[in-house]
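First up is the structure itself, then whatever we jot down about it.
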Amino acid sequence: MTTVRTPAGWPATEEEARAVQDGLRTKVVLGEPGPPPGAGHVTGVDVAYDDERDVVAAAAVVLDAATLDVVAESTAVGRISFPYVPGLLAFREIPTVLAALEALPRTPGLVVCDGYGLAHPRRFGLASHLGVLTGLPTIGVAKNPFTFTYDEPAAPRGSTSPLLAGTEEVGRALRTRDAVKPVFVSVGHRVSLDNACAHTLALAPAYRLPETTRRADALCRRALREAAPALTAD
DNA sequence: GCGACAG
DNA sequence: ATCTTGTCGC
């Protein structure tokens, strides 16, 4: 497990953070279909917090997209780099997530984030931000509709409905299990929305959430448990 | 001005 | 995100 510090020059205020988003948003690539679902490697990233001790732990788990077997994994821990502010989640997660990705012994392939990409107040959520910084294809799979609206998708697994910001489709509500609350998929970097949904469905054969985020979630929680006591002494 | 709001 | 036990159902 690697340890990270908040990068020099990291935004300290909400105003600075929004300015960074506005400066990077033009670098997002939306015209590529991205890697085909069911082949190659897919990586899930997630983060867990201990606000009391000011500790954050991130995990990256690489899966074989065909079998969903774990191929590689890594973790990173550090200090919390930004408070939670809706619309600025990336500034809280990215330093540690980047460290975990860099610690992987192999190429991540498509990266699946826990949160949003294009579906964001300034169209630059966590998945978009991570994609621009790494150049990797990324998508966001969120558990809640955030500030967006949607009509309930039909009951069968695989059904979708548009996720809307007014009349603009910023993502899709995707049913991954029959009659169970959908997940909310949006494009990050270098992946089409159709492809993002296909990947998400392929990654969620048994549970509502994709295996990538389930694995990453379990791993970062474990890393937090094991790292928190050590960093407390510091 | 007030409430809502990814994780 | 996180605090938290049992419990209903396949």
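Reminder, nothing fancy here: chain letters follow the sequence lines and each chain counts from 1. Small disclaimer: the values here were computed from a predicted structure and weren't measured.
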* Identify whether any heavy atom of A/G87 sits under 4.0 Å from a base atom; if not, whether one sits that close to sugar-phosphate; answer base, sugar-phosphate or nothing. => base
* Structure fact -> Here the distance between atom P of B/dA6 and atom CG of A/D217, to the nearest Å, is 17 Å
* Asked: Can you tell me how far C1' of C/dT2 sits from NZ of A/K143, to the nearest Å?
  -> 12 Å
* Is A/R175 paired with A/E152 through a side-chain N to carboxylate O contact shorter than 4.0 Å? -> yes
* In whole Å, what is the span from the CG atom of A/D114 to the P atom of C/dA1? -> 7 Å
* To do: Please determine if a side-chain N or O atom of A/N144 lies less than 4.0 Å away from the OP1 or OP2 oxygen of B/dC5.
  => no
* Asked: B/dG7 P sits how many Å from A/F146 CZ, rounded?
  -> 9 Å
* Ignoring backbone atoms, test whether A/R221 places a side-chain nitrogen or oxygen under 4.0 Å from the OP1 or OP2 oxygen of C/dA1. => yes
* Looking only at side-chain atoms of A/E93, point me to the closest of B/dG7, C/dT2, B/dA6. => B/dG7
* To do: For A/A119, report the nucleic acid contact type (base, sugar-phosphate, nothing); a contact means any heavy atom under 4.0 Å.
  => nothing
* Asked: If we only count heavy atoms from C-beta on, is the A/V170 to A/L164 side-chain gap below 4.5 Å?
  -> no
* Asked: Any luck finding a side-chain donor-acceptor pair between A/Y49 and A/E93 under 3.5 Å?
  -> yes
* Asked: How is A/Y49 classified with respect to the nucleic acid when contacts are heavy atoms under 4.0 Å: base, sugar-phosphate, or nothing?
  -> sugar-phosphate
* Distance, rounded to the nearest Å, where A/Y150 contributes OH and B/dA6 contributes P -> 13 Å
* Between atom CZ in A/R92 and atom P in C/dT2, what is the gap in whole Å? -> 10 Å
* Spacing of A/F184 atom CZ relative to B/dA6 atom P, expressed in whole Å -> 11 Å
* Asked: Should A/F91 and A/Y84 be regarded as members of a common hydrophobic cluster, given that ILVMFWY residues are connected when their side-chain heavy atoms come within less than 4.5 Å of each other, either directly or indirectly?
  -> yes
* Asked: Which part of the nucleic acid, if any, lies within reach of A/L88 when heavy atoms closer than 4.0 Å are counted: base, sugar-phosphate only, or nothing?
  -> base
* Length of the line joining A/I94:CD1 and B/dA6:P, which is rounded to integer Å -> 18 Å
* Asked: Salt bridge check: are A/R214 and A/D217 linked by an N-O gap of less than 4.0 Å?
  -> no
